[in-house]
Amino acid sequence: MKVKMVKKILEANDRIAAGNRALLANHKVEAVNLMSAPGAGKTTLLEKTIRALDGRVRIGVIEGDIQGTHDAEVISGLDVPVVQINTGGACHLDANMISDMLQEMPLDELDLLVIENVGNLVCPAEFDVGESAKIMLLSITEGDDKPLKYPLMFQKSEVLILNKIDLAPYLDVDMEKIRSDAKKLNPDLKIFDLSARNGQGMEDWCRWLEDKVKSR
(Lines give C-alpha, C1' and ligand atoms only; values in the text may rest on other atoms or scores of the structure.)
Protein backbone atom coordinates (compact mmCIF):
# COMPACT_ATOMS: atom_id res chain seq x y z
CA MET A 1 0.00 0.00 0.00
CA LYS A 2 1.31 3.45 -0.94
CA VAL A 3 0.36 5.01 2.42
CA LYS A 4 2.33 2.36 4.35
CA MET A 5 5.34 2.83 2.09
CA VAL A 6 5.40 6.60 2.65
CA LYS A 7 5.09 6.04 6.42
CA LYS A 8 8.04 3.62 6.38
CA ILE A 9 10.17 6.06 4.38
CA LEU A 10 9.46 8.90 6.81
CA GLU A 11 10.08 6.67 9.87
CA ALA A 12 13.43 5.52 8.46
CA ASN A 13 14.34 9.13 7.67
CA ASP A 14 13.46 10.23 11.22
CA ARG A 15 15.71 7.53 12.74
CA ILE A 16 18.67 8.70 10.66
CA ALA A 17 17.85 12.34 11.46
CA ALA A 18 17.97 11.53 15.18
CA GLY A 19 21.44 10.05 14.65
CA ASN A 20 22.55 13.19 12.78
CA ARG A 21 21.24 15.36 15.61
CA ALA A 22 23.08 13.31 18.22
CA LEU A 23 26.34 13.47 16.24
CA LEU A 24 26.06 17.25 15.90
CA ALA A 25 25.28 17.61 19.61
CA ASN A 26 28.32 15.52 20.53
CA HIS A 27 30.48 17.93 18.55
CA LYS A 28 28.58 20.97 19.94
CA VAL A 29 27.53 22.09 16.47
CA GLU A 30 24.27 23.99 15.94
CA ALA A 31 22.56 23.16 12.62
CA VAL A 32 19.93 25.13 10.72
CA ASN A 33 18.04 24.03 7.61
CA LEU A 34 17.59 26.95 5.19
CA MET A 35 14.55 26.50 2.92
CA SER A 36 12.89 28.60 0.22
CA ALA A 37 11.60 28.65 -3.33
CA PRO A 38 14.20 28.87 -6.13
CA GLY A 39 15.58 32.38 -6.51
CA ALA A 40 14.44 33.69 -3.12
CA GLY A 41 18.01 34.58 -2.19
CA LYS A 42 19.27 31.75 0.05
CA THR A 43 22.83 31.77 -1.27
CA THR A 44 23.12 35.58 -1.18
CA LEU A 45 21.81 35.60 2.40
CA LEU A 46 24.26 32.84 3.34
CA GLU A 47 27.17 34.66 1.72
CA LYS A 48 26.36 37.90 3.57
CA THR A 49 25.80 36.03 6.85
CA ILE A 50 29.17 34.27 6.67
CA ARG A 51 30.89 37.61 6.01
CA ALA A 52 29.03 39.30 8.90
CA LEU A 53 29.86 36.54 11.39
CA ASP A 54 33.49 36.11 10.32
CA GLY A 55 35.65 35.79 13.44
CA ARG A 56 32.60 35.35 15.69
CA VAL A 57 31.03 32.06 14.54
CA ARG A 58 32.80 29.19 12.75
CA ILE A 59 30.43 28.15 9.93
CA GLY A 60 30.29 25.13 7.65
CA VAL A 61 27.86 24.65 4.77
CA ILE A 62 26.11 21.74 3.06
CA GLU A 63 24.74 22.87 -0.30
CA GLY A 64 21.80 21.04 -1.84
CA ASP A 65 20.86 21.37 -5.51
CA ILE A 66 19.25 19.17 -8.11
CA GLN A 67 22.44 19.53 -10.15
CA GLY A 68 25.42 21.85 -10.58
CA THR A 69 27.96 23.36 -8.19
CA HIS A 70 27.45 27.12 -8.64
CA ASP A 71 26.25 27.86 -5.10
CA ALA A 72 28.97 25.71 -3.49
CA GLU A 73 31.61 27.51 -5.57
CA VAL A 74 30.31 30.90 -4.34
CA ILE A 75 30.46 29.79 -0.70
CA SER A 76 33.85 28.05 -1.00
CA GLY A 77 35.28 31.44 -2.05
CA LEU A 78 34.63 32.60 1.53
CA ASP A 79 37.15 30.08 2.90
CA VAL A 80 34.64 28.02 4.89
CA PRO A 81 34.14 24.23 4.71
CA VAL A 82 31.48 23.40 2.12
CA VAL A 83 30.24 20.18 0.53
CA GLN A 84 27.77 19.83 -2.33
CA ILE A 85 24.88 17.38 -2.64
CA ASN A 86 23.34 16.91 -6.09
CA THR A 87 20.03 15.12 -5.65
CA GLY A 88 19.77 14.13 -9.32
CA GLY A 89 16.15 15.22 -9.56
CA ALA A 90 14.87 14.86 -5.98
CA CYS A 91 13.22 18.07 -4.78
CA HIS A 92 14.62 18.01 -1.23
CA LEU A 93 17.44 16.81 1.00
CA ASP A 94 16.83 13.91 3.36
CA ALA A 95 18.53 12.69 6.53
CA ASN A 96 20.52 9.98 4.77
CA MET A 97 22.11 12.49 2.38
CA ILE A 98 23.09 14.70 5.32
CA SER A 99 24.46 11.70 7.26
CA ASP A 100 26.87 10.96 4.41
CA MET A 101 28.03 14.57 4.18
CA LEU A 102 28.58 14.95 7.92
CA GLN A 103 31.47 12.49 7.51
CA GLU A 104 33.09 15.04 5.18
CA MET A 105 32.75 18.03 7.54
CA PRO A 106 35.35 19.04 10.20
CA LEU A 107 32.72 19.10 12.95
CA ASP A 108 35.19 19.77 15.78
CA GLU A 109 36.15 23.01 14.00
CA LEU A 110 32.57 24.32 13.62
CA ASP A 111 30.02 26.20 15.73
CA LEU A 112 27.28 26.32 13.11
CA LEU A 113 26.31 24.12 10.17
CA VAL A 114 24.00 25.68 7.58
CA ILE A 115 22.16 23.23 5.33
CA GLU A 116 20.97 25.06 2.21
CA ASN A 117 18.12 22.90 0.97
CA VAL A 118 16.92 22.46 -2.61
CA GLY A 119 14.73 25.34 -3.79
CA ASN A 120 11.16 24.14 -3.25
CA LEU A 121 8.21 25.30 -1.14
CA VAL A 122 6.80 21.85 -0.36
CA CYS A 123 9.07 18.82 0.10
CA PRO A 124 11.95 20.26 2.21
CA ALA A 125 9.58 20.91 5.11
CA GLU A 126 8.46 17.26 5.18
CA PHE A 127 11.89 15.80 5.93
CA ASP A 128 13.75 16.13 9.22
CA VAL A 129 17.48 16.12 8.39
CA GLY A 130 18.74 16.42 11.98
CA GLU A 131 18.70 20.21 12.20
CA SER A 132 17.86 22.11 15.37
CA ALA A 133 15.83 24.72 13.50
CA LYS A 134 14.22 25.16 10.10
CA ILE A 135 14.57 28.63 8.59
CA MET A 136 12.07 29.73 5.93
CA LEU A 137 13.21 32.41 3.49
CA LEU A 138 10.46 34.13 1.49
CA SER A 139 11.20 36.76 -1.12
CA ILE A 140 8.44 39.37 -1.03
CA THR A 141 8.53 39.32 -4.86
CA GLU A 142 6.76 35.94 -4.62
CA GLY A 143 3.57 37.63 -3.41
CA ASP A 144 1.54 37.67 -0.22
CA ASP A 145 -0.42 34.47 -0.86
CA LYS A 146 2.37 32.01 -0.06
CA PRO A 147 1.64 31.29 3.65
CA LEU A 148 -1.86 30.05 2.90
CA LYS A 149 -0.83 28.19 -0.28
CA TYR A 150 2.19 26.45 1.28
CA PRO A 151 1.33 26.25 5.01
CA LEU A 152 3.64 23.40 6.02
CA MET A 153 6.80 25.44 5.40
CA PHE A 154 5.55 28.14 7.76
CA GLN A 155 4.22 25.69 10.36
CA LYS A 156 7.49 23.77 10.57
CA SER A 157 9.85 26.75 10.67
CA GLU A 158 11.20 28.52 13.74
CA VAL A 159 12.14 31.62 11.75
CA LEU A 160 10.65 33.38 8.72
CA ILE A 161 12.90 35.81 6.84
CA LEU A 162 11.13 38.23 4.50
CA ASN A 163 13.86 39.01 1.97
CA LYS A 164 14.22 41.72 -0.70
CA ILE A 165 12.32 44.31 1.35
CA ASP A 166 14.27 47.01 -0.52
CA LEU A 167 11.92 46.22 -3.45
CA ALA A 168 8.73 46.77 -1.42
CA PRO A 169 8.03 50.29 -2.81
CA TYR A 170 7.91 48.84 -6.33
CA LEU A 171 5.67 45.84 -5.61
CA ASP A 172 1.97 45.29 -5.10
CA VAL A 173 2.50 43.11 -2.05
CA ASP A 174 0.87 43.29 1.40
CA MET A 175 3.67 42.47 3.84
CA GLU A 176 1.38 42.75 6.84
CA LYS A 177 -0.85 40.05 5.28
CA ILE A 178 2.20 37.77 4.96
CA ARG A 179 3.10 38.34 8.62
CA SER A 180 -0.50 37.92 9.81
CA ASP A 181 -1.19 34.73 7.79
CA ALA A 182 2.17 33.23 8.83
CA LYS A 183 1.48 33.98 12.51
CA LYS A 184 -1.96 32.34 12.26
CA LEU A 185 -0.24 29.18 11.01
CA ASN A 186 2.56 29.37 13.56
CA PRO A 187 2.10 31.83 16.47
CA ASP A 188 5.66 31.20 17.70
CA LEU A 189 7.26 32.10 14.36
CA LYS A 190 10.09 34.65 14.64
CA ILE A 191 9.98 37.06 11.66
CA PHE A 192 12.85 39.16 10.29
CA ASP A 193 12.43 41.81 7.56
CA LEU A 194 15.65 41.83 5.59
CA SER A 195 17.44 42.76 2.40
CA ALA A 196 20.43 40.54 1.78
CA ARG A 197 21.34 42.82 -1.13
CA ASN A 198 21.77 46.08 0.79
CA GLY A 199 22.23 44.67 4.31
CA GLN A 200 19.06 46.11 5.85
CA GLY A 201 17.97 43.89 8.77
CA MET A 202 21.08 41.70 8.63
CA GLU A 203 22.24 42.73 12.10
CA ASP A 204 19.11 41.37 13.86
CA TRP A 205 19.26 38.10 11.91
CA CYS A 206 22.94 37.57 12.65
CA ARG A 207 22.40 38.37 16.33
CA TRP A 208 19.67 35.71 16.47
CA LEU A 209 22.02 33.15 14.88
CA GLU A 210 24.84 34.06 17.24
CA ASP A 211 22.54 33.71 20.26
CA LYS A 212 21.37 30.34 18.91
CA VAL A 213 24.97 29.13 18.75
CA LYS A 214 25.74 30.41 22.26
CA SER A 215 22.70 28.61 23.70
CA ARG A 216 23.65 25.19 22.31
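Atom CD of Glu126 sits in a crowded spot, with more than 12 heavy atoms from other residues, nucleotides or ligands closer than 6.0 Å. Enclosure of atom NZ in Lys183 by more than 12 non-hydrogen atoms of other residues, nucleotides or ligands within 6.0 angstrom is indicated. Heavy atoms of other residues, nucleotides or ligands lying less than 6.0 angstrom from CD of Glu176 number more than 12. Shown here is Lys212, whose NZ atom has more than 12 heavy atoms of other residues, nucleotides or ligands within 6.0 Å.
Taken from CE in Met105 to NE2 in His27, the straight-line distance is 12.0 Å, to the nearest 0.5 Å.
Side-chain atoms of Lys48 come within 3.5 Å of backbone atoms of Arg197 as a donor-acceptor pair (strictly under, hydrogens ignored). Checking side-chain atoms of Asn20 against main-chain N and O of Val129 turns up a donor-acceptor pair under 3.5 Å. With Asn117 contributing its side chain and Leu93 its backbone, the two residues share a donor-acceptor pair below 3.5 Å. Listed for the Arg216 side chain is no donor-acceptor partner under 3.5 Å among the backbone atoms of Glu30. For the pair Asn186 (side chain) and Ser157 (backbone), a donor-acceptor distance under 3.5 Å is present. The backbone N or O of Lys164 sits nowhere less than 3.5 Å from a side-chain atom of Ser195 that would complete a donor-acceptor pair. Remark: the backbone N or O of Val118 is not paired with any side-chain donor or acceptor of Asp65 at under 3.5 angstrom. Looking only at distances, a side-chain donor or acceptor of Asp174 sits under 3.5 Å from a matching main-chain atom of Lys177. Under a 3.5 Å cut-off, the side chain of Asp128 and the backbone N or O of Ala17 do not form any donor-acceptor pair. For Lys184 (side chain) and Ser180 (main-chain N/O), no donor-acceptor pair under 3.5 Å exists by modelled atom type.
Smallest separation of non-hydrogen atoms from Ala125 and Lys134: O-CE, 3.8 Å. Looking at every heavy atom in both residues, Met153 comes nearest to Asn120 through CE-O, 3.7 Å. Here the closest heavy-atom approach between residue Ala31 and residue Leu24 is recorded as CB-CD1, 3.7 Å. In terms of heavy atoms, Asp94 sits closest to Phe127 at CB-CD2, 4.0 Å. Between His92 and Thr87 the shortest heavy-atom distance is O-CG2, 3.7 Å. When all heavy atoms of Pro147 and Ala182 are compared, the pair lying nearest together is CB-N, 4.0 Å.
Ion pairing between Asp193 and Arg179 holds under the 4.0 Å rule for side-chain N and carboxylate O. Under a 4.0 Å N-O distance rule, the pair Asp204/Arg207 qualifies as a salt bridge. Ionic pairing of Asp111 and Lys214 is not present here: no N-O contact between side-chain nitrogen and carboxylate oxygen is shorter than 4.0 angstrom. Salt bridge Arg58/Glu109: absent, no basic N to carboxylate O contact under 4.0 Å.
Cluster note: Leu152 groups with no other residue, as no ILVMFWY side-chain heavy atom lies under 4.5 Å from it.
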Solution key, residues 35-46 side-chain donor-acceptor pairs under 3.5 Å, sequence neighbours excluded:
{"residue": "Ser36", "atom": "OG", "partner": "Lys42", "partner atom": "NZ", "Å": "3.1"}
{"residue": "Thr43", "atom": "OG1", "partner": "Asp71", "partner atom": "OD2", "Å": "3.2"}
{"residue": "Thr43", "atom": "OG1", "partner": "Glu116", "partner atom": "OE1", "Å": "3.3"}
{"residue": "Thr43", "atom": "OG1", "partner": "Glu116", "partner atom": "OE2", "Å": "2.7"}

Atom pairs and distances, donor-acceptor, side-chain atoms in residues 72-79, under 3.5 Å, two or more places apart:
{"residue": "Glu73", "atom": "OE2", "partner": "Thr69", "partner atom": "OG1", "Å": "2.6"}
{"residue": "Ser76", "atom": "OG", "partner": "Ala72", "partner atom": "O", "Å": "3.3"}
{"residue": "Ser76", "atom": "OG", "partner": "Glu73", "partner atom": "O", "Å": "2.9"}

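Looking only at atom types and distance, the side chain of Asp166 has no donor-acceptor partner in the side chain of Asn198 under 3.5 Å away.
Side-chain heavy atoms closer than 4.5 Å link hydrophobic residues (I, L, V, M, F, W, Y) into clusters, and following such links, possibly through other members, connects Leu167 to Leu138.
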